[in-house]
There are 4 protein chains.
Amino acid sequence: MNRNSNHNSQTQGRKEREWELRRQEILDAAQKIFEKGGYFNATMAQIASEAEFGVGTLYQFFPNKQGLFAEVILREVESFMQGLRDLLSTRSLWQEQLKLFVEYKLTWVDKRPEFQRLVMEIFYAPIHDVAPQIIDEFKELHMENLQILQDIFIQANKDGYTFDPDLMSIATMGTLNAIASDWYMGLLKKAPIEYISGVLNGILGGKRDV
Amino acid sequence: MNRNSNHNSQTQGRKEREWELRRQEILDAAQKIFEKGGYFNATMAQIASEAEFGVGTLYQFFPNKQGLFAEVILREVESFMQGLRDLLSTRSLWQEQLKLFVEYKLTWVDKRPEFQRLVMEIFYAPIHDVAPQIIDEFKELHMENLQILQDIFIQANKDGYTFDPDLMSIATMGTLNAIASDWYMGLLKKAPIEYISGVLNGILGGKRDV
Amino acid sequence: MNRNSNHNSQTQGRKEREWELRRQEILDAAQKIFEKGGYFNATMAQIASEAEFGVGTLYQFFPNKQGLFAEVILREVESFMQGLRDLLSTRSLWQEQLKLFVEYKLTWVDKRPEFQRLVMEIFYAPIHDVAPQIIDEFKELHMENLQILQDIFIQANKDGYTFDPDLMSIATMGTLNAIASDWYMGLLKKAPIEYISGVLNGILGGKRDV
Amino acid sequence: MNRNSNHNSQTQGRKEREWELRRQEILDAAQKIFEKGGYFNATMAQIASEAEFGVGTLYQFFPNKQGLFAEVILREVESFMQGLRDLLSTRSLWQEQLKLFVEYKLTWVDKRPEFQRLVMEIFYAPIHDVAPQIIDEFKELHMENLQILQDIFIQANKDGYTFDPDLMSIATMGTLNAIASDWYMGLLKKAPIEYISGVLNGILGGKRDV
DNA sequence: TATGAATGAGCTTTCATTCAT
DNA sequence: AATGAATGAAAGCTCATTCAT
């Protein structure tokens, strides 16, 4: 799950568990600070203070500020993705999967409005230039989202729909992200979750090839 | 209207024209640097060097780094909006307007792939906090986009379509922005302009209420 | 009179007179700005703007900021001294001269409360280090003050007083300057001119050697 | 009372004592640099170099240049005042107190000739504008001086003298400060301490109302 | 002669990172 | 292992001075 935890939790000793605990405390603190003002306005001292550790301690767990930021982002994105994977694996009908996908994403946006901002920060240069592995990993996860949607639309076409899976996956993600952005900007008339049925209708309404 | 529109050389002296020229040179240089590494990684020294001016000169034309950034963003966004307004005013049928809108946006994305990143940078906290007038002005322009699309979908409904104009304006913008983002990230299979007909079909296909 | 004016005003042409006029305008403007915030907070641009000249023009009349400041100070101090000399030359009795001295100084303080501050600024380092000629000239004028007072007290001793001229000249100047400082600081209960008789009484009262 | 008086090493840990030590080292270095060229010519880099610390370290102990300057001034002034208070509290006769006051001030001037300049710098505009608490605190201490002298002269009047306490306090301070200034400027024939008896004679000589 | 646009050295201040304890 | 004092490079911005017009 976590890239730095031992895979076999049976063999973890107290030491390892405490270490992982402190690591997560730091990540929690860092996420809070990063969400407040973005990467550049966060300082290691603020994060250390929030985490109730010394500044030096942060560097025992993470190589530098960028590495800490990367872990925060990826932990959140992976948490989102894992929840999505778990959810979709419970259903096999594409209609149900599409509904769950839209519900899950918009519920997440509702609960974690800063998430969108945090994710958008990835496209910034310093992370671009100096920590390309983050952007790569993020791209992969973004593509996983698109692939899930494409598979759904491919299934739909087997039921007589005529979606362009490539375009529709982009359009669906784009629509959901636009709802998130506009919500974050305060431009939305309704809460994100109230758009669920509208989005589904918009996708499915009258699209069947008969 | 447009703050850069005093191009009436009839009433401008040589001084004014040269002043405006230098101002645009600085804005060009700043845009280049800002696009490369984002607001925070850009330094005034880099911009000055790129513009082939001394650092002090930048401060003769702009009050500070933020002000310069704001002008860069707004110049670009307003240029986009003005082109859009001019274009749409030539047609009155909603179908034609929608087609022009999608074409215009995707053509722009094709020509200026950095534009999306530049615009996304606005949502960052520091600019948020310290220069709220930028974010306000940007919001207004974003809402103008949405309003144009809503008007188009309202017209469409008079022709028997059953669009939800609110949702469809968000979805259309979101889809176009997603194409822009994915293009910028290198995740797109085709160039943005190749998605034009797909997007239009996706919106219009089978949506008529009959 | 003015160190930069031709001595023979008969031979001054229009050019010379206009030049001197502009010079004084700049000095007036500079004095106003220097008095407002001191030497370091004044900028050449402010002074130029106040004088309604271009910045470059300032450098046609004065070598640099320090030189301009020096001229401002010395013009004021010399004006003070010249007025004092003229005034004292009208009387020969030491009692009258002492009275005039005290009156003159305190009236000046009343009219030009910033004068004290301006003069104190001389002791600052930049002028100290880089323009020692100013401090020297100022010292000379300060010593002229002390000498005038010493002469008065020497005369007084011939009338039976037992002043220590050296100490009394310092004490008298110090008292008058203290009134000026405290007035400038807003710590004085009465206006400077209301201290005139008190100061004279304090010096003369019961001092006669009988 | 005195902000630097936490010298009770009983209750202080090693950390606290070392912290206070470094703080004083920085203040010493800053005082040296400020005395040399005044507030504006001093740079934080010079002070850091003199203190043998990095520049950043200065900002761990003081909020900014102005704060550092304020502490330097107030440390010195309060040290002067505390010594004065302690000294005067040992005697109750006004004659003795006046003698001690004059001696103390002139001895201080002798030992710390830069002190006067440092104090005069307070009256400068920038410090005036931006750090008004310094000027306020300084005014209070100056007024404490004047009050001490006024009390002395009020006592004297009970013994038959006819001093104007208000004026005499100003005159006495002014005289002592004038000795300090002239000494600093190199205009004095004798060392400050050699003026002690002269000043006392000047004040008391023949002043009794009989 | 008068100008003011252009300059760039130099300032204060911040903060990620290190390392002695 | 945990600390946080110390660091110093690097940033934004100012302004006295110059010089082409």
Side-chain angles (χ1 to χ4, degrees), chain A residues 15 18-19 22 40-49 51-69 126, chain B residues 14-15 18-19 22-23 26 40-49 51-68, chain C residues 15 18-19 22 26 39-49 51-69 126, chain D residues 14-15 18-19 22-23 26 40-49 51-68:
Chain A
K15 278 270 184 67
E18 285 183 350
W19 187 82
R22 284 195 295 275
F40 285 100
N41 289 329
T43 70
M44 292 302 267
Q46 276 176 68
I47 294 169
S49 163
E52 296 184 323
F53 280 108
V55 235
T57 309
L58 267 49
Y59 286 85
Q60 306 257 350
F61 290 85
F62 302 94
N64 51 33
K65 192 186 176 186
Q66 284 185 11
L68 177 52
F69 183 70
Chain B
R14 188 175 49 80
K15 278 270 184 66
E18 285 183 349
W19 186 83
R22 283 194 296 275
R23 206 169 175 280
I26 292 172
F40 285 101
N41 289 318
T43 73
M44 293 302 270
Q46 276 176 68
I47 294 170
S49 163
E52 295 185 316
F53 281 109
V55 219
T57 308
L58 303 190
Y59 289 87
Q60 302 233 351
F61 290 86
F62 303 94
N64 50 35
K65 192 185 174 185
Q66 282 186 15
L68 177 51
Chain C
K15 278 271 186 65
E18 285 183 349
W19 188 81
R22 284 195 295 274
I26 292 172
Y39 176 81
F40 284 100
N41 290 328
T43 71
M44 293 302 268
Q46 276 176 70
I47 294 169
S49 163
E52 295 182 324
F53 280 107
V55 236
T57 310
L58 267 49
Y59 287 84
Q60 306 257 350
F61 290 86
F62 302 94
N64 50 32
K65 192 184 175 186
Q66 285 183 11
L68 178 51
F69 183 70
Chain D
R14 185 174 52 78
K15 279 269 185 66
E18 284 183 350
W19 186 82
R22 285 194 296 275
R23 206 169 175 280
I26 292 172
F40 286 100
N41 288 318
T43 72
M44 292 302 268
Q46 275 176 68
I47 293 170
S49 162
E52 296 185 316
F53 280 110
V55 222
T57 308
L58 303 189
Y59 288 86
Q60 301 234 350
F61 291 86
F62 303 94
N64 50 35
K65 192 184 176 186
Q66 281 186 16
L68 177 52

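Given the structure is predicted, the values throughout are model-derived calculations rather than measurements.
- Atom-to-atom, CE of D:M44 to C1' of E:dT14 comes out at 12 Å; the value is rounded to the nearest Å.
- Checking C:K15 against D:Y59, the closest nucleotide of DNA chain E that is more toward the 5' end is the one next to C:K15.
- Stem analysis of DNA chain F (Watson-Crick or G-U pairs, both distances under 3.5 Å, runs of at least three) returns E:2-21 with F:2-21.
- Between D:R22 and A:E52, the residue whose closest nucleotide on DNA chain F is further toward the 5' end is A:E52.
- The two atoms that bring B:T57 and B:F53 nearest to each other are CG2-CD2, 3.7 Å, heavy atoms only.
- Closest approach of D:F62 and D:I26 over heavy atoms only: CE1-CG2, 3.6 Å.
- In this structure, B:L68 CG and B:R23 CZ are separated by 9.0 Å, a value rounded to the nearest 0.5 Å.
- Between D:A42 and D:Q60, it is D:A42 whose nearest contact on DNA chain E lies nearer the 5' terminus.
- Residues D:M44 and D:N64 approach most closely at CE-C, 4.4 Å, considering heavy atoms.
- Taking only side-chain atoms of C:V55, from C-beta outward, the nucleotide of E:dT1, E:dT12, E:dG4 with the closest atom is E:dG4.
- Here E:dT12 presents its P atom at 16 Å from CZ of D:F62, a figure rounded to the nearest Å.
- Distance D:F40 CZ to E:dG10 P: 19 Å, rounded to the nearest Å.
- Applying the side chain to side chain contact (heavy atoms under 4.5 Å, CB included) criterion to A:Q60, with sequence neighbours excluded, gives no partner residue.
- Going from atom CG of D:N41 over to atom P of E:dC11 covers 10 Å, rounded to whole Å.
- In this structure, D:A51 reaches neither bases nor backbone, as no heavy-atom distance under 4.0 Å exists between it and the strands shown.
- Among the heavy atoms of the strands lying under 4.0 Å from B:F61 are primed sugar atoms or P, OP1, OP2 only; no base atom is included.
- Contact footprint of chain A on DNA chain F: nucleotides with an atom under 4.0 Å from a non-hydrogen protein atom, first to last in 5' to 3' order, F:dA2 to F:dG4.
- Straight-line distance from the NZ atom of D:K65 to the C1' atom of E:dT14: 17 Å, rounded to whole Å.
- Taking the six-membered ring for Trp and thresholds of 30 and 60 degrees, D:F40 and C:F40 have nearly parallel ring planes, at less than 30 degrees apart.
- Atoms NZ and OH, on C:K65 and C:Y39 in that order, are 5.0 Å from each other to the nearest 0.5 Å.
- Going from atom CG of D:L58 over to atom C1' of E:dT14 covers 13 Å, rounded to whole Å.
- Nucleic acid contact for D:T57: base, since at least one base atom lies under 4.0 Å from a heavy atom of the residue.
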